[in-house]
Engineer: 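Sharing a structure, written as structure tokens. Questions coming.
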Amino acid sequence: MDRLSDLNPQQREAVTAAPGPILVLAGPGSGKTRVLTYRLAYLIQELKVPAAEILALTFTNKAAREMEGRALSLLGGSRATGVPRLGTFHSTFARILRIEADRLPVTRDFVIFDDVDQLELVRQSLKELNQDPKQVQPRRVLASISRAKNEMIEPQAFASDTYFTEITRRVYERYQQLLLANNALDFDDLLLLPIQLFSEHEATLHTYRRRYPHLLVDEFQDTNTAQYTLLRMLAGAKPDLFAVADPDQSIYRWRGADYRNVKRLRDDFPDLNTLLLEQNYRSTQTILDAAMAVIDRQPDRQHKQLFTERGTGDPILIHEAYDQDEEGQFVVEKISMLTLTGEAEPGDFAVMYRTNAQSRAIEEAFLRAGLPYRLVGAQRFYGRKEVKDLIAYLRLIHNPVDQVSLERAIRTPPRGIGDKTLAALWAAADQAEATPIDILLMLGRGVEVTGISARARTPLAQFGALLSGWLEIKDRVLLDSLIDRVLEDVEYRGYLGSDEDRWANVMELRGVAQEFSELGLVEFLQQVALVSDQDTLTENLNAPTLLTLHAAKGLEFPIVFIVGLDEGELPHYRSQDDPEAMAEERRLFYVGLTRAQDRVILLRAFRRRSRGVSSLTDPSRFLDDLPADLIEGDLIGMRTPAQAGYDRETSWQGRVPAPTEARFQAGMRVIHPQFGEGIVLETQLEYDDEEVTVNFEEVGVKHLVASMASLEIEDP
DNA sequence: ATCACAATACTTTTT
DNA sequence: GTATTGTGAT
């Protein structure tokens with residue numbers, strides 16, 4: 001292969017390794033995706049493997065598409081041997097399930113339930129079990145069920161040692177029944193069912209083993225038990241398996257990902273060929289040193305010496321803003337400055353945060369400045385009400401036993417059908433041993449149905465008539481015409497009123513449907529369920545990108561801002577008492593740092609608003625791990641002992657009464673052990689403390705808490 | 001009986 | 001700031 005000279009010796013060794021079980025342990029920015037793509041091309045061009053025998057699995061659609069693009073350009077026009085199969089775990093096995101639907105408890109028209117639909121089923125199950133949704137949180141139950149499914153634990157095997165787990169076990173059982181009754185699968189089923197299928201029908205497993213003797217896996221450290229099991233099944237005893245992994249970038253533990261699968265792979269394949277990629281092609285040495293300092297604090301971890309030939313580069317800038325609004329303002333100002341001086345383009349910047357909710361303050365800063373930005377994810381397009389409404393109609397038309405969609409569609413827009421009418425409809429369906437859809441269609445034709453009152457009949461019959469019209473044309477007209485007809489029939493535009501934004505979303509979805517006209521409703525609905533908007537990054541806009549640290553994995557930017565480096569935010573407070581979760585927060589910070597090519601700018605806010613209340617924050621513990629010689633900025637030595645504040649607030653005796661009078665006054669000269677002398681600009685009494693703004697001669701304006709910052713009034 | 005609006009509780013990360 | 005539940009008007 002002529003392009004092999006593009007690679008360094010380590011990369012070349014990996015790409016040209018003899019077929020067999022191969023694990024490439026790679027650091028960030030070491031060209032993982034590149035190696036994976038070259039391997040794909042190498043198999044086809046040098047080893048003459050028919051492309052159709054290669055199955056490449058990724059976690060995101062973005063990664064799959066990127067690989068596809070790179071591979072195509074690498075292979076040129078030589079695709080005579082077919083096309084490699086490239087896709088996410090979920091979409092790949094969803095496809096296989098449709099092919100093998102005869103052996104499944106669902107038909108090949110099954111729909112995929114997203115988290116909102118799943119939650120609906122959990123609520124329904126809880127109601128049937130006479131559980132108060134206030135006492136047993138549906139979200140918790142669902143999370144617990146999902147965890148079990150990722151670990152391949154069936155309802156019967158689910159351990160129920162507490163009241164909560166017993167409830168969960170029963171809900172789990174009922175939830176599975178409801179899914180099947182709706183002819184639906186959830187995300188976890190897309191992996192679980194293939195496992196069941198393969199273990200029950202060995203011949204089928206062998207068919208797929210023969211079809212794809214060559215496996216490629218990206219981000220192997222993110223596999224969960226179900227995914228690992230599937231890989232092992234497909235791999236067989238003597239596999240050609242090429243996996244790339246970076247355990248330090250494992251950030252999906254909450255989704256069942258287990259980086260220990262890397263170790264399991266070693267145990268399961270004793271002849272595993274493990275290769276290392278340590279040279280980094282992305283970042284400056286300063287950034288790598290900082291990142292290593294952060295990740296080396298992790299216990300039980302093999303040290304990786306990351307190195308680059310890019311030189312030292314700029315120090316890492318740390319800034320403490322007053323609150324989240326000022327944090328956003330600082331980001332925007334910094335970007336404007338660096339763009340104006342010509343040091344960078346708007347598209348060179350990324351702003352990363354722990355939670356989607358944090359994007360708001362940043363967005364507002366951009367909006368105030370009148371500057372454009374790109375937002376990844378956040379308010380998910382497919383999660384919007386208007387979008388879900390339309391999808392509910394389409395799902396109902398495609399799969400009439402989908403009761404979750406029926407309930408949603410029949411209620412929106414409001415047409416005089418409420419709880420009582422629906423209850424009557426379900427009851428009538430039960431009695432007639434038919435589906436609610438059958439009853440609706442009958443009513444639509446003017447047939448009398450016992451159990452349906454005169455009052456309920458009119459709106460139900462009207463809806464039934466509309467439905468029968470849609471079912472009749474669904475196979476004859478193109479997808480976008482079907483959508484137009486539905487929207488028109490239910491007067492959806494009128495329902496939205498003058499909300500142009502929401503109508504625009506509906507039209508955008510119609511636009512996506514238009515692209516799927518050829519492929520049809522099944523493919524469209526699957527796409528809608530499995531493709532998240534995390535993947536829909538508009539490439540052509542030259543503007544800063546706003547995204548979560550999770551969404552940032554696999555990407556790189558010249559200049560990276562990470563905001564919200566406060567205790568409770570990053571690390572997130574939900575990870576506080578679980579060491580494994582805390583370790584993951586650290587890896588998340590590591591991932592963020594290593595996205596940067598040239599510069600990293602870290603921000604934290606002294607005061608932060610969450611849940612409506614504004615409170616003071618402590619700087620993130622991760623800031624302490626950055627070597628002093630790599631950083632510059634105004635936070636150095638600022639970290640306050642977190643416990644000092646806690647002790648006072650939680651003990652009864654030592655409770656400090658709220659100061660009734662400010663000790664400091666504007667204009668006073670004060671002295672601070674670290675910051676030196678300064679003048680008080682402003683003071684403010686805050687529930688049990690005094691907040692002082694001081695302009696220090698040496699270090700500029702600082703916000704301090706009087707009781708904690710040993711601030712002294714200077715004698716005149 | 002249904003629907004709009006107000007009050008209330010809750011808030012990680014994503015296929 | 002948002003999802004869910006409760007209440008009062010139609």
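Everything numeric in this text was worked out from a predicted model, so none of it was measured. Throughout, a chain's letter reflects where its sequence line sits, starting with A, and its residues are numbered from 1.
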Engineer: Rounded to the nearest angstrom, tell me the gap between atom CE in A:M582 and atom P in B:dT13.
Structural biologist: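 Distance check: A:M582 CE to B:dT13 P gives 17 Å.
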Engineer: Choose from B:dT15, B:dA1, B:dT13 the nucleotide whose nearest atom is closest to any side-chain atom of A:T355.
Structural biologist: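 Closest nucleotide among those given: B:dT13.
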Engineer: Between C:dG1, B:dT14, B:dA1, which nucleotide gets closest to the side-chain atoms of A:T421?
Structural biologist: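 In terms of side-chain proximity for A:T421, the closest of C:dG1, B:dT14, B:dA1 is B:dA1.
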Engineer: Could you check whether A:R502 pairs with A:D389 (Lys NZ or Arg NE/NH1/NH2 to Asp/Glu carboxylate O, under 4.0 Å)?
Structural biologist: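 No.
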Engineer: How do A:L422 and A:R574 order along DNA chain B: which one's closest nucleotide is nearer the 5' end?
Structural biologist: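 The residue mapped nearer the 5' terminus is A:L422.
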Engineer: Who passes salt bridge (charged side-chain N to carboxylate O under 4.0 Å, His left out) against A:D323, sequence neighbours left out?
Structural biologist: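 Per chain and number, A:D323 pairs via salt bridge (charged side-chain N to carboxylate O under 4.0 Å, His left out) with no residue.
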Engineer: Rounded to whole angstrom units, what separation is found between the CD1 atom of A:I452 and the C1' atom of B:dA1?
Structural biologist: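 Taking atom C1' of B:dA1 as the reference, CD1 of A:I452 is at 15 Å.
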Engineer: Sequence neighbours left out, what passes salt bridge (charged side-chain N to carboxylate O under 4.0 Å, His left out) with A:E100? Give chain and number order.
Structural biologist: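 Here the qualifying residues are A:R103.
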Engineer: Does a side-chain N-to-carboxylate-O contact under 4.0 Å join A:E584 and A:R587?
Structural biologist: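 Result for this pair is yes, salt bridge flagged.
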Engineer: Check this for me: does any side-chain nitrogen of one of A:K149 and A:D186 sit under 4.0 Å from a carboxylate oxygen of the other?
Structural biologist: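 Yes, this pair counts.
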Engineer: Listed in order of residue number, which residues of residues 251-261 of chain A have a non-hydrogen atom at under 4.0 Å from DNA chain B?
Structural biologist: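 Correct list: A:Y252, A:W254, A:R255.
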Engineer: Distance check needed: B:dT14 P versus A:L142 CG, whole Å only.
Structural biologist: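 Those two atoms, CG and P, are 16 Å apart.
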Engineer: Can you tell me how far P of B:dT15 sits from CZ of A:R65, to the nearest Å?
Structural biologist: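 So the CZ-P distance, A:R65 to B:dT15, works out to 12 Å.
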Engineer: Of all the nucleotides listed (C:dA3, B:dT12, C:dT2), which has the minimum atom distance to the side chain of A:R360?
Structural biologist: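 The closest nucleotide is C:dT2.
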Engineer: Regarding A:K32 and A:D218, does a basic nitrogen lie under 4.0 Å from an acidic carboxylate oxygen?
Structural biologist: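 Here A:K32 does not pair with A:D218 in a salt bridge, since their nearest N and O are not under 4.0 Å apart.
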Engineer: Which nucleotide wins on minimum distance to the side chain of A:K420, given the candidates C:dG1, B:dT2, B:dT15?
Structural biologist: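 Among the listed nucleotides, the one closest to the side chain of A:K420 is B:dT2.
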Engineer: Using the six-membered ring wherever Trp is involved, compare the ring planes of A:Y373 and A:F366 and label them parallel, tilted or perpendicular (cut-offs 30° and 60°).
Structural biologist: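 A:Y373 vs A:F366 ring planes: tilted.
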Engineer: Looking only at side-chain N and O atoms, does A:S125 offer a donor or acceptor that is under 3.5 Å from a partner on A:R174?
Structural biologist: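 No donor-acceptor contact under 3.5 Å links the two side chains.
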Engineer: Mind listing the N/O atom pairs, protein and nucleotides 3-5 of chain B, below 3.5 Å?
Structural biologist:
from	atom 1	to	atom 2	distance (Å)
B:dC3	OP1	A:R415	N	3.4
B:dC3	OP1	A:G416	N	2.8

Engineer: Nearest to the side chain of A:T88, which nucleotide is it out of B:dT15, B:dA1, B:dT14?
Structural biologist: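 So the side chain of A:T88 is nearest to B:dT15.
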Engineer: Over all strands shown, is A:D188 touching base, sugar-phosphate only, or nothing at heavy-atom distances under 4.0 angstrom?
Structural biologist: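 Here A:D188 touches no strand at all.
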Engineer: In whole Å, what separates the P atom of C:dA3 from that of B:dT14?
Structural biologist: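 Between the two P atoms, the distance is 16 Å.
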Engineer: Report the residue (A:R139 or A:F187) whose heavy-atom-nearest nucleotide on DNA chain B is the more 5′ of the two.
Structural biologist: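 The residue mapped nearer the 5' terminus is A:R139.
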Engineer: Test A:K553 against every option in A:D222, A:T60, A:T548 by the side-chain hydrogen bond (donor to acceptor under 3.5 Å, both in side chains) rule and name the one that passes.
Structural biologist: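 Looking at A:D222, A:T60, A:T548, the match for A:K553 under the side-chain hydrogen bond (donor to acceptor under 3.5 Å, both in side chains) is A:D222.
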Engineer: Which part of the nucleic acid, if any, lies within reach of A:F59 when heavy atoms closer than 4.0 Å are counted: base, sugar-phosphate only, or nothing?
Structural biologist: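 Answer is sugar-phosphate: A:F59 comes under 4.0 Å of backbone atoms only.
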Engineer: What's the CG-P distance between A:D186 and B:dT15, to the nearest Å?
Structural biologist: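 Atom-to-atom, A:D186 to B:dT15, this comes out as 15 Å.
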Engineer: Ignoring backbone atoms, establish whether A:T548 has a side-chain N or O less than 4.0 Å from OP1 or OP2 of B:dT14.
Structural biologist: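 For B:dT14, OP1/OP2 do have a side-chain N/O of A:T548 under 4.0 Å.
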Engineer: Could you tell me how far apart A:R408 (CZ) and C:dA3 (P) are, to the nearest whole angstrom?
Structural biologist: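 Rounded to the whole Å, the gap is 11 Å.
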Engineer: Rounded off to whole Å, could you give me the NZ-to-P distance for the A:K388 and C:dA3 pair?
Structural biologist: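 It is 12 Å, rounded to the nearest whole Å.
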Engineer: For B:dT13 versus C:dT4, give the span between their C1' atoms, rounded off to a whole number of Å.
Structural biologist: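 Looking at atom C1' only, B:dT13 and C:dT4 are 23 Å apart.
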Engineer: Atom CD of A:Q118 and atom P of B:dT15: how far apart are they, to the nearest Å?
Structural biologist: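 Answer to the nearest Å: 14 Å.
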Engineer: OP1 or OP2 of B:dT14 versus the side-chain N and O atoms of A:N356: is any pair under 4.0 Å?
Structural biologist: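 Looking at the OP1 and OP2 atoms of B:dT14, one of them is under 4.0 Å from a side-chain N or O of A:N356.
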Engineer: Which nucleotide, C:dA3, C:dT4, B:dT15, lies nearest any side-chain atom of A:K385?
Structural biologist: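 Per side-chain heavy atoms of A:K385, the pick is C:dA3.
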Engineer: For A:S91, enumerate each residue passing the side-chain contact (heavy atoms from CB on, under 4.5 Å) test, keeping only those at least two apart in sequence or located in another chain.
Structural biologist: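 By the side-chain contact (heavy atoms from CB on, under 4.5 Å) rule, A:S91 matches A:T88, A:L530.
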Engineer: Enumerate, atom names and distances included, each donor-acceptor pair closer than 3.5 Å involving a side-chain atom of residues 410-419 of chain A, sequence neighbours excluded.
Structural biologist:
from	atom 1	to	atom 2	distance (Å)
A:R411	NH1	A:D419	OD1	3.4
A:R411	NH2	A:D419	OD1	2.9
A:T412	OG1	A:R408	O	2.5
A:R415	NH1	A:A409	O	3.0
A:R415	NH1	A:I410	O	2.9
A:R415	NH2	A:Y393	OH	3.2

